[in-house]
Amino acid sequence: MRSSRALAVPLRRLAKGIRPVLVLLTAATLAGCPELDWGTGKSEVQAQKGAQLIRDYGCGSCHRIPGITGADGLVGPSLELIGRRAYLGGVVPNQPETMVRWLMDPQGVDPRTAMPNLGLAEDEARAISAYLDTLK
Ligand code: HEC
């Protein structure tokens, strides 16, 4: 009896000491690895910024864009699965660099395109491109 109670006290102390460690470990597990992957985290932030710019510039008045509320325009093509599209405007291969060029200067890519030049800065075009790349 006596000895088991003597053991219980240090054990309880030990449990108390371990608790914050367990909480931290659980939090880290729940948060998942992306927290530790700076590359992914950065592109996620970029994509979120891009989604906001898409709203600000009103791209949705001409395009259907998944994930953007009210983006249901039919003037241009739907941007659903644009991340998997082979060509942009049917003229250049769909790659991050060509997407940025397209967004900043559509007529520079295809002089006959009806997509307007919205005067995007390069960092804005890159953020929007990051968002569009998530549509796969
Ligand atoms: C006034 C209407 C209009 C607005 C506003 C507009 N677009 Fe477009 N967009 C078009 C049209 C029309 C096309 C088709 C061009 C073509 O195929 O030559 C197009 C094509 C595109 C394409 C290529 C799609 C494909 O399937 O090849 C992308 C990507 C795109 N637009 C993104 C955007 C983004 C992002 C914005 C906002 C910054 C935007 N557009 C604003 C009309 C618009």
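Remember, it's 1-based here, ligands and their atoms both numbered in the order they're listed.
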For this session: Let me see the working for L132 and I54 under side chain to side chain contact (heavy atoms under 4.5 Å, CB included), right down to the final yes or no.
Result: CA-CA 10 Å; L132 296 178; I54 286 173; 4.1 Å; yes
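When all heavy atoms of I68 and R55 are compared, the pair lying nearest together is CG2-CG, 3.8 Å. Between G119 and E124, the shortest heavy-atom distance links the atoms O-OE1, 4.5 Å.
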For a distance cut-off of 3.5 Å, show me each N or O of ligand 1 paired with any protein N or O, plus the separation.
| from | atom 1 | to | atom 2 | distance (Å) |
| --- | --- | --- | --- | --- |
| ligand 1 | 7 (N) | H63 | NE2 | 2.8 |
| ligand 1 | 9 (N) | H63 | NE2 | 2.8 |
| ligand 1 | 18 (O) | T113 | OG1 | 2.7 |
| ligand 1 | 26 (O) | R85 | NH1 | 2.3 |
| ligand 1 | 27 (O) | G89 | N | 2.6 |
| ligand 1 | 31 (N) | H63 | NE2 | 2.8 |
| ligand 1 | 40 (N) | H63 | NE2 | 2.8 |

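Every residue was checked against the side chain to side chain donor-acceptor pair (under 3.5 Å) condition with Q46, not counting sequence neighbours, and none meets it. Partners of D123 under the side chain to side chain contact (heavy atoms under 4.5 Å, CB included) rule, at least two apart in sequence or in another chain, are K49, A121.
Within the structure, every pair that satisfies the side-chain hydrogen bond (donor to acceptor under 3.5 Å, both in side chains) test and touches residues 77-98, not counting sequence neighbours, is listed here: E97-R126.
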